[in-house]
Amino acid sequence: MHFYPNENVDDITHEIEDQVLAAAKADPWLRDNLPTFTWGGDSLLVDKGEVFPSLELDPDHPGMKALESSFAEVAGKQPTLGMSPSVSDSGWFGYCHIPAVDFGPGTME
């Protein structure tokens, strides 16, 4: 599951559990056999259980402005700012309130 920078994994998992349990309680059989939930794991590669926090970019941060300006000067065009379809360790910087950005050439395809 993916979530926005202003959300956290605990709140999201509780929201999902609440919705599933509400639906289960409306079912004649499921209300007596409520589902249980197991979240997380040890590794993104082994069991897809590792959680990576999201990273919110500050478009007004001086470092971001310098990166945009340098890119535009070298590439002759403005960089594309957006959301990554993948995970990276940069979210941990944001989690610890350290400004960060993912930057690189090419696409995720």
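- Under the 3.5 Å distance criterion, the side-chain polar atoms of Asn33 are matched with a main-chain donor or acceptor of Trp29.
- By the 4.5 Å heavy-atom criterion applied to side chains, Ser90 and Val101 are not counted as neighbours.
- The minimum heavy-atom distance linking Asp58 with Met64 is given by the pair O-CB, 3.5 Å.
- Within 6.0 Å of CD on Glu15 lie no more than 12 heavy atoms contributed by other residues, nucleotides or ligands.
- For the pair His14 and Asp10, the tightest heavy-atom approach, listed with the atom from each and the gap, is ND1-O, 2.5 Å.
- For Val20 against Pro35, the heavy-atom pair with the smallest separation is CG1-CG, 4.0 Å.
- In this structure, CG on Asp18 lies 9.5 Å from OG1 on Thr13, to the nearest 0.5 angstrom.
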key: Phe71/Gln78 under side-chain contact (heavy atoms from CB on, under 4.5 Å): CA gap, chis, key distance, verdict   = CA-CA 7 Å; Phe71 178 90; Gln78 290 298 312; over 6 Å; no

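- To the nearest 0.5 Å, atoms CD1 (Ile16) and CG (Asp11) are separated by 11.0 Å.
- Considering all non-hydrogen atoms of both residues, Pro59 and Lys65 come closest at O-CE, 3.3 Å.
- At a threshold of 4.5 Å between non-hydrogen side-chain atoms, the residues Trp92 and Pro53 count as touching.
- The OH atom of Tyr95 lies 15.0 Å from the CG atom of Asp89; values are rounded to the nearest 0.5 Å.
- A pairwise comparison of heavy atoms in Asp102 and Ser88 identifies OD2-OG, 2.8 Å as the closest pair.
- Note that NZ of Lys25 and CG of Asp32 are 12.0 Å apart. Values are rounded to the nearest 0.5 Å.
- The aromatic rings of Trp39 and Phe37 lie parallel to each other, with less than 30° between the two planes, well short of the 60° mark.
- Leu34 approaches Ala24 most closely through the heavy-atom pair CD2-CB, 3.9 Å.
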